[in-house]
J.: 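Next up is a structure, given as structure tokens.
Because only heavy atoms are used, hydrogens play no part in the values below, and waters and symmetry mates are left out as well, while side chains stay in. If you're wondering where the values come from, they're calculated on a predicted model, not measured in any experiment. In the text below, chain A, chain B and the rest are named by the order of the sequence lines, each starting its count at 1.
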There are 2 protein chains.
Amino acid sequence: MDAIAEPPPEEASTIADRVFGQLRQAIVEGGIAPGAKISEPEMAARLGISRGPLREAMRCLESTNLVERRPNLGARVITLSSEQLIEIYLIREALEGLAARLAAERMSAAGIADLKELLAQHRAEIVLECWQAYVQKEGDMDFHYRIVQGSGNQRLIGILCDDLYHLARMYRCKFGMVSDRARDALKEHELILDAIAERDGELAELMMRRHIRASRRNVERRLATDTTTQPRTDP
Amino acid sequence: MDAIAEPPPEEASTIADRVFGQLRQAIVEGGIAPGAKISEPEMAARLGISRGPLREAMRCLESTNLVERRPNLGARVITLSSEQLIEIYLIREALEGLAARLAAERMSAAGIADLKELLAQHRAEIVLECWQAYVQKEGDMDFHYRIVQGSGNQRLIGILCDDLYHLARMYRCKFGMVSDRARDALKEHELILDAIAERDGELAELMMRRHIRASRRNVERRLATDTTTQPRTDP
DNA sequence: TCCATTAAAAGTGTCGACACTTTAGCTAAA
DNA sequence: TTTAGCTAAAGTGTCGACACTTTTAATGGA
């Protein structure tokens, strides 16, 4: 198996940066299993680079909480627990609520129009019966991603888009999340966008928090009852 | 001048980790000026190490947003703007509000007792007329730090204690913040702690958000009127 | 057979050296 | 004098090699 993808079209000017992106993608999408040890000589050989840039990339992965490193013992991909997933939902509720409020105040009219188009497209997909794909595929994250971008708060964008969203995606790839909440989620997205379009920051924040809270409770319910959503423990 | 402190008592087992801590402290406390370029050969020589571990430490500093690195151009300490300071306050309001709510639900009785003692000590200091020191010295941050720790949310702790608090301290070292809000802040702290002690998460969150909002507005007011709090632009 | 000791192998941490890029300074022409 | 081009210096990015630590395997004794 070839767990690490080829250098993506947009080439980073330095090997360490490129490898960081490659490894992050491989980890998030499951190409490198959670808990797996990453041997520096082996990985460097597989990537055709030396250990120097690889170690720099590993440091970045450690800083973004995708690998855990212990001195003299090496690095392992983090393992996913349902507790950590809930932790992330709680943080997202707080931060994306803020993002929605700021987006309502500062997002450009063009950005809002784009989002309306995106939601229209999602609505069409749901009607076409392939609606399971809505939340499952990156449609949901795409919506959230754009609102965070629209907040204009660079540090907020960094925390959510550079760190938490990759983790959230990792969970989605690991647990086979097939959401039954697509219709509700789309409706909630529309309410959020309406509030943003009317520049009602207070309402946008309230709606976003309620939306993420509903997602979290949905996950909590599944975790409590459905054993198939437990993380697989690959040998 | 010797901008970089000696290895702190608690020795990290690897050079890169230790140097990361040293450089972070030097940057936060102003030993290395904002905007200053960090030359790898020069810094490595000053620290008596080679460039390998230094580069790893720089990568970590970049991940924590304390330095900005551009390929082939080197790394510079970030510059502080009042806009970014406000960004941080907004994020803290959201996240520490969450932390206060979780702390009210999960903090140990012993932890609450310790906090009460801390506030009593702060109250005594204020009465002793050296009350300017309260917010200025790390007393304020100490209180916030413990509440975040009390939340038990590991990822929340990481975001606030590993990243944002160092930035906040950097701002405090740079702008000569002599707060006139010590008495108000202490009162607010007491209200927050009361809510936590009564396990009233909703109220604790509300009070914490209000407290941080008040701090932000205080800063905004100063930034608007007082030119002495503008960041110094060292040559 | 089982456990302790020990030697070898693998792996991480660190260093010095080299290639390529960027910058600074200098020369020369307009 | 100014500016364009060129050259040398400095700096970053990358690599291979070595030292020390951890793990594995083997050997020996009980």
J.: Should B/Lys37 be listed as having a side-chain N or O under 4.0 Å from OP1 or OP2 of D/dT12?
T.: yes
J.: Quick one: B/Leu54 CG to D/dT12 C1', roughly how many Å, whole number?
T.: 12 Å
J.: Does one side chain, of A/Asp140 or A/His122, offer a donor that lies under 3.5 Å from an acceptor on the other?
T.: no
J.: Which residue is it: A/Arg222, A/Arg216, A/Arg217? I am looking for the one with a salt bridge (Lys or Arg N to Asp or Glu O under 4.0 Å) to A/Glu220.
T.: A/Arg216
J.: Can you figure out which of D/dT12, C/dG13, D/dC15 approaches the side chain of A/Glu40 most closely?
T.: C/dG13
J.: Dump every N/O contact between nucleotides 16-19 of chain D and the protein below 3.5 Å, one line per pair.
T.:
none

J.: Tell me, do A/Thr64 and A/Phe20 make a side-chain contact under 4.5 Å, heavy atoms counted?
T.: yes
J.: Would you please classify the geometry between the A/Tyr165 ring and the A/Tyr145 ring as parallel, tilted or perpendicular, with 30° and 60° separating the classes?
T.: tilted
J.: Pull out every residue in residues 56-74 of chain A that has a heavy atom closer than 4.0 Å to any atom of DNA chain C, ordered by number, or say none.
T.: A/Arg69, A/Pro71, A/Asn72, A/Gly74
J.: Which is true for B/Ile38 with a 4.0 Å heavy-atom rule: it touches a base, it touches only sugar-phosphate, or it touches nothing?
T.: sugar-phosphate
J.: Take atom CG of B/Leu47 and atom P of C/dC15, then tell me their distance rounded to the nearest Å.
T.: 11 Å
J.: Indicate yes or no: at least one non-hydrogen side-chain atom of A/Arg169 is less than 4.5 angstrom from one of A/Leu167.
T.: no
J.: Let me confirm one number: the CD1-CG distance from B/Ile147 to B/Leu115, rounded to the nearest 0.5 Å.
T.: 5.5 Å
J.: Can you find a side chain N or O atom of A/Thr14 that sits less than 4.0 Å from OP1 or OP2 on D/dT14?
T.: yes
J.: Rounded to the nearest angstrom, tell me the gap between atom CD1 in A/Ile15 and atom P in C/dC20.
T.: 13 Å
J.: Do A/Leu102 and A/Glu105 come within less than 4.5 Å of each other through their side chains, counting heavy atoms only?
T.: yes
J.: So, taking the atom named CD1 in B/Ile192 and the one named CG in B/Leu119, what distance separates them when rounded to the nearest 0.5 Å?
T.: 9.0 Å
